[in-house]
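Inspection log for the structure reproduced underneath, given as structure tokens.
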Amino acid sequence: MFYHTSTNDHNLPHDPFKACVAPRPIGWISTISAAGITNIAPYSFFNGVASSPPQVMYSTNGTQPHGPKDTLTNIRQGGEFVVNVATWDLREAMNITSQPARPDEDEFILAGLTPEPSQLVKPPRIGQSPINMECTLVDIIDLATNNPDQPNTMVIGLVVGIHIDEAVLTDGMIDNTKLKLISRLGYKDYACVESVFSMVRPGDGDKLAGN
Ligand SMILES: Cc1cc2nc3c(=O)[nH]c(=O)nc-3n(C[C@H](O)[C@H](O)[C@H](O)COP(=O)(O)O)c2cc1C
């Protein structure tokens, strides 16, 4: 089959686009408002985009009943955020933080999560999450939208510090079978990373790093 995205003439019960770009890692982002209220929300239009220096992006789509999404408002105001890794054990808490809470609601309290101080940025990290990346704002870019009232916006951050719980390491490497991170598929579906396989790039020999 083929369909045009301009008319969505796929004749399927649901738009398949997000299932075509899957699995998407979940950037579980903690921020703090100018008034000092902490906020958490998951974003699956999220990824690492460079490693030297490490940079991440996420994209925010549409608005809340009360206006722009709080994560974007807080990053615009404070210029800082923390990306926390969402894991199998934290799936329900992650989901709770996706609700359209008002800006004056503290989502650490709402989801029963522990705010741990960050080292280099003001927003706290999620204590229960085994990996937290402290980020400073690099750029905010307007993306195309079909409805100017529902903007699409990409945020790029510089990762200035990373916390790793040593319980997820084996031989000094992050062990995905211990981490059990979750990612977003299409529709209401998620995947949990439980098995891993390795391949060596041609010419790389014993070198471990690579894209
Ligand atoms: C797994 C998951 C992934 C999500 N990914 C996105 C995303 O990429 N972009 C987006 O705008 N909203 C996304 N959402 C919805 C936001 O989390 C939701 O709108 C949230 O209330 C935003 O909170 P905030 O206003 O505190 O930023 C996602 C929700 C879930 C459960």
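Order of listing sets the numbers, starting from 1, for every ligand and every atom in it.
For atom 26 (O) of ligand 1, the nearest protein heavy atom (residue, atom name, distance) is N39 ND2, 2.8 Å. The protein heavy-atom contact nearest to atom 7 (C) of ligand 1 is Y43 CD2, 3.5 Å. In terms of protein heavy-atom proximity, atom 18 (C) of ligand 1 is nearest to S98 O, 3.4 Å. Regarding atom 8 (O) of ligand 1, its nearest protein heavy-atom neighbour is F45 N, 2.8 Å. Annotation: atom 19 (O) of ligand 1 to nearest protein heavy atom, K69 NZ, 2.8 Å. Atom 5 (N) of ligand 1 has its closest protein heavy atom at S44 N, 2.8 Å. At the top of the distance list for atom 9 (N) of ligand 1, counting protein heavy atoms only, stands N61 OD1, 2.9 Å.
Taken to the nearest 0.5 Å, the CG atom of D106 stands 3.0 Å off from the OG1 atom of T38. Rounding to the nearest 0.5 angstrom, the gap separating the CD1 atom in I29 from the CD1 atom in I40 is 11.5 Å. Distance CG/L72 to OG1/T60: 5.5 Å, rounded to 0.5 Å. Between C135 atom SG and F81 atom CZ the span is 4.0 Å, to the nearest 0.5 Å.
Note: Y43 and Y58 meet the aromatic proximity criterion, with ring centroids under 6.0 Å apart.
For R24, the heavy-atom gap to ligand 1 stays at 4.0 angstrom or more. Every heavy atom of Y58 sits 4.0 Å or more from the atoms of ligand 1.
Taking both residues in full, the closest heavy atoms of V85 and S129 are given as O-OG, 2.7 Å, listed atom of the first, atom of the second, then distance. Of all heavy-atom pairs between D15 and H10, the closest is CA-NE2, 3.7 Å. Taking all atoms of both residues into account, the shortest heavy-atom contact from P123 to V82 is O-CG2, 3.5 Å.
Those atoms of ligand 1 that come under 4.0 Å of a heavy atom in Y190, given as number and element, are 1 (C), 31 (C). Within ligand 1, counting atoms from 1 as listed, the ones closer than 4.0 Å to a heavy atom of Q99 are 21 (O). If you number the atoms of ligand 1 from 1 as listed, the ones under 4.0 Å from a heavy atom of E107 come out as 26 (O). The distance from ligand 1 to the heavy atoms of T71 drops below 4.0 Å at these ligand atoms: 24 (P), 26 (O), 27 (O). Shown in contact with T60 at under 4.0 Å from a heavy atom are these atoms of ligand 1, numbered in order with element: 11 (O).
Contact annotation for S59 and ligand 1: only backbone heavy atoms (N, CA, C, O) come within less than 4.0 Å of the ligand.
Of the listed residues (K122, Q119, H163, R125), just one forms a side chain to side chain donor-acceptor pair (under 3.5 Å) with E134, and that residue is H163.
A side-chain donor from one of H66 and D70 sits under 3.5 Å from a side-chain acceptor of the other.
When P42, A41, P103 are checked for heavy-atom proximity to atom 17 (O) of ligand 1, P42 turns out nearest.
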